[in-house]
Trainee: 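What follows is a single structure, and I will ask about it in a moment.
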Amino acid sequence: MSALWQAKEIIPNRDIVVPGETIPAIFWNAVKTRGPKIWLRQKHLGLWRSWTWNQTADAVREIAAGLVSLGFEKGECAAILSNTTVEWVWADLAILSAGGVSNGIYPTDAPNQVQYLCEDSQTRYLFVENDEQLDKALEVRDQLPGLRKIIVIDMEGLHKLQDPGVLSLDSLRELGRSHLQTHPQAVEARTQSVKPEDLAILVYTSGTTGKSKGAMHLHQGLVYTVRGYSNLIQQDETDERMCFLPLCHIAERMSGEYHGMYTGAKLNFVENPETIPENVREIAPTVFVAVPRVWEKFYSGVMISLKESGAIQQLAYAWSICVGQRIADLVMAQQPVNNWLKLQFHIARLLTLNNVRKLIGIHRARILFTGAAPISADLVRWYLALGLPMVEVWGMTETCGGSSGAQPNRIKPGSIGPAAEYNEMMLDPATGEILVRGKNVFAGYLNLPEKTAETIDKDGWLHTGDIGKVDGDGYFFITDRMKDIIITAGGKNITPSELENDLKFSPYITDAVVIGDKRPYLVVIIMIDQENVEKFAQDADVPFSNYASLTKAPEVQALIQGELDRVNKKFARVEQIKKFFLLDTQLSAEDEELTPTMKLKRKLVEKKYASQVDAMYR
Amino acid sequence: MSTIPPAISDMPVLKLLNVESSYGPIKAIRGVSLQVRRGEIATVLGSNGAGKTTILKTISGIIDPRKGSIEFKGEAITAKDPAFIVQQGLSHVPEGREVFPLLSVHDNLLMGAYTRSDRDGVARDMETVYGYFPILKERATQDAGLLSGGQQQMLSISRALMANPDLILLDEPSLGLSPKLTKEIFEIVVRINRERGTTILLVEQNANMALNASDYGYVLENGRIVMEDTCAHLREKDDIKEFYLGLKEDGVRGERRWKKKKTWR
């Protein structure tokens, strides 16, 4: 698609593309129909390798047979501790094909978390990505008597390893091959024995308080939702997708792996989390699902190159975005776009917008999706102005991912859209909490019946913990997380995410946590965008050496103050942020302060930096 | 290593502010700010291609920076002529020594004093460097190209000293030298600093040596400073231990190949 007024041509496909009532049944049926077509691609030593459906099926069959030959029983759990790779998908589909329960573990988790997750899920077999992840598993193996074998995907540097409890993925496949010679139907028999009402996957939610909880999803729920996704994400075998978010997270698992498997869209795996920007440009996905952090990063990258460009280019860009915005407003209001404006837009694309799209890597994209965290409405408008529909999808682990989302020609920036066709949504009349009901809702938390009962009420409504509003068209707007609402000492109710999203729209701010519950005024903890602030410092001749000294530079403090003032202007006096504090350590995914989607954990940050917060009230 | 360190004043003798240098379109250093205080040995650590040599070349005027400013003894020397900078009392000992191979050792040393007019001082300094490196005196009449690598390094340092500088930029003195020779060279470097009070900015890949010899250190990665501290503190940092000193825990298997993520804190 080349322009926004064509967005209505993207229509949902409600047919069942591939039959099957369980995830492995869909997979094996898809293999039958798509056999020699390419499904997976991954870059290895600088070259893109691809796997057809048949090749994927061989790998999955061998791994599954290997597990069976080791004694993997139906209904037992196997876990995967790895970054998002092709092998992750193989292992996952093999576990499910063997009738098992698949559980993903974040590669950034520490050994004690790995131990807890394996213990809670009663993991019998653990797939680990490489020596680094293996060391985590070995460190806690003594405390996991139920763990029978560890399977290492990448054996580099481990050739000398002699450990009866550890084997390589290749040797597992070897075991599988010989098992298949004597039992050719081993995997098919297992796959057929899987019932729709069997437990399929466990998705552990990052518990901000206490231990994380394992959300249980049954095959029937997954299949129902995957089919339903076609109402939101319109893709088929010609589409190129990029797989890069953690597969243990529901978003990539459902919208990437399972929906890709169902629709046949090709899945391209990034090399590693650091190479995402380059890989996007190489892959140029046609349908692109990402989290706000990624969209923010792309946007600030464009803003930076814009600042480096000349005055004429900047003018051309400003005019082009303006044209794009006018078109976006018309299209979303269901108004026709006249030919004069269309012509202007074509010129705008030739002048700048095509280059902006190419710089990001979305020049082939038909549609963009954002989800898993709140996004600034201004950012959505910017992507619309580029001529690309950006649909905000809302959902959670417990709703099996996306639960609401707009059609591409009826986007309201700032809204999470109407309820998806496959589930009901409503507001709790008393609290304003968003409630969800449908077959996509999860089957409960593993080993935690009381928690499950707290979450799903007797009428089957899932209490999501998000407070929202709904407009006349049935579009939902998220106000905030219920437990995050701030009530200041003055008694004013404040929803921090509004302020935070506006702050995050600044290219200099990556994330912000507004604090002020039971306090006289609001303050904020800010994580700066290192790259852009460094650039600012260099352009403004601000001396700095490392990250900490950068955050302490008076000019940087003034810069952030300026951004804060800009945001504060939009709010009433009591809702304004009085002081801020810049985190002076550079955080990475391994740090406890960040969620796997690289957002600050509110409660943890508030507690960890309590002394700095208190200082802002002095 | 030896004797009492001279008093380090808080006055920086050299100050870099957001210096950026590039080779054509390739940025080698991307905004480096650092300072060297009078009387101290400061070191810049970094791996291949981090931009260490570029920093030194930019200071001594061989490369003109694209951005930023350099101050030496309170005066701006940004993009000044290298000869002028030497006259201000800043000598550069280049990487790979670069002695004049067809000149005698003695003449090489005189080349170092080329900008000076005080003959007595030159003669005195000649004796001093022969004192530091007696082997150079023995070989004074030989062509410098016939010296061993270690001796050439000694000559290169001595040549810099002949300009009677306030600050010496020392680019990887350990390059291609045996561990024993490296140790000797470093001992002399410290001695020069302690006895003459010459300020030294040292660039090294041999982090262990450099951290032991220096007072203050900067860590450079991809053209940016990621960490700075006194060398005593730097030695205790986890990232320095793992990535620069090769000290790491072996992990559960008794061997560990994978590297932790650098955090620089």
Side-chain angles (χ1 to χ4, degrees), chain A residues 107-108 110-111 114 128-142 150 152 154-163 165-166 272-274 530-531 533-551 553 555 583-591 593, chain B residues 12 15-22 25 27 29-36 42 44-46 55 65-71 78 216-229 233-234 237-240 248-265:
Chain A
T108 48
V114 173
V128 296
E129 183 175 6
N130 49 26
D131 51 353
E132 177 176 1
Q133 304 297 350
L134 173 66
D135 282 0
K136 285 186 196 169
L138 291 178
E139 215 179 304
V140 294
R141 181 168 60 172
D142 292 347
I150 301 170
V152 187
D154 178 3
M155 285 294 282
E156 205 182 326
L158 290 171
H159 297 289
K160 276 187 273 176
L161 183 74
Q162 293 289 337
D163 189 322
V166 181
N272 63 54
E274 280 87 54
Q530 190 194 8
E531 219 176 298
V533 174
E534 255 175 15
K535 173 119 187 25
F536 158 83
Q538 269 162 262
D539 291 346
D541 263 331
V542 180
F544 68 94
S545 52
N546 52 12
Y547 189 83
S549 77
L550 183 65
T551 60
E555 291 88 346
L583 287 178
D584 61 1
T585 41
Q586 201 178 338
L587 298 173
S588 67
E590 273 83 2
D591 287 300
E593 287 97 324
Chain B
K15 207 165 156 187
L16 272 70
L17 274 187
N18 287 320
V19 174
E20 268 182 41
S21 290
S22 48
K27 267 190 197 172
I29 51 175
R30 308 183 294 155
V32 166
S33 301
L34 59 81
Q35 49 184 22
V36 183
V44 177
L45 303 176
I55 291 186
R66 294 212 327 187
K67 275 187 193 160
S69 61
I70 305 164
E71 255 178 44
T78 321
Y216 202 83
Y218 296 88
V219 180
L220 192 71
E221 291 226 330
N222 295 324
R224 267 203 182 121
I225 287 173
V226 289
M227 193 179 247
E228 63 166 300
D229 213 329
H233 283 148
L234 283 181
K237 303 271 186 188
D238 287 343
D239 281 342
I240 297 282
K248 59 178 186 182
E249 305 129 35
D250 278 338
V252 269
R253 281 181 291 114
E255 61 167 331
R256 179 156 74 84
R257 186 186 64 95
W258 52 275
K259 293 199 156 64
K260 286 186 178 150
K261 258 210 188 119
K262 293 175 190 170
T263 55
W264 301 122
R265 32 182 109 126

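Excluded from the calculations below are hydrogen atoms, water molecules and symmetry mates; all remaining heavy atoms, backbone and side chain alike, are included. Residue numbers begin at 1 in each chain, while the letters A, B, ... track the order of the sequences.
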Trainee: Taking B:Asp229 as the fixed residue, which of B:Val219, B:Ile240, B:Leu234 is the one that meets the side chain to side chain contact (heavy atoms under 4.5 Å, CB included) rule?
Mentor: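 Of the listed options, the one satisfying the test is B:Leu234.
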
Trainee: Testing B:Glu20, B:Lys67, B:Arg30 one by one against A:Gln538 for a side chain to side chain donor-acceptor pair (under 3.5 Å), which residue passes?
Mentor: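 With A:Gln538 as partner, side chain to side chain donor-acceptor pair (under 3.5 Å) holds for just one option, B:Glu20.
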
Trainee: Report the option among B:Val19, B:Val32, B:Asn18 that has the most heavy-atom pairs separated by less than 4.5 Å from atoms of chain A.
Mentor: B:Asn18

Trainee: Side chains of A:Gln586 and B:Val226: does their closest heavy-atom pair fall under 4.5 Å?
Mentor: no

Trainee: Report yes if the side chains of A:Tyr547 and B:Arg224 come closer than 4.5 Å at any heavy-atom pair, otherwise no.
Mentor: no

Trainee: Contact part of A:Asn130 toward chain B, heavy-atom cut-off under 4.5 Å: side chain, backbone, both or neither?
Mentor: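 Neither part, no heavy atoms under 4.5 Å.
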
Trainee: As an exercise: rank A:Leu138, A:Asp584, A:Leu134 by heavy-atom pairs under 4.5 Å with chain B and give me the winner.
Mentor: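 Most heavy-atom pairs under 4.5 Å with chain B: A:Leu138.
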
Trainee: Can you say whether A:Ala548 sits under 4.5 Å from chain B via the side chain, the backbone, both, or neither, judging by heavy atoms?
Mentor: neither

Trainee: Check A:Asp131 against A:Glu156 and note the closest heavy-atom contact, atom names and distance.
Mentor: OD2-O, 3.9 Å

Trainee: What part of A:Gln530 is in contact with chain B, defined as an atom under 4.5 angstrom from a non-hydrogen atom: side chain, backbone, both or neither?
Mentor: neither

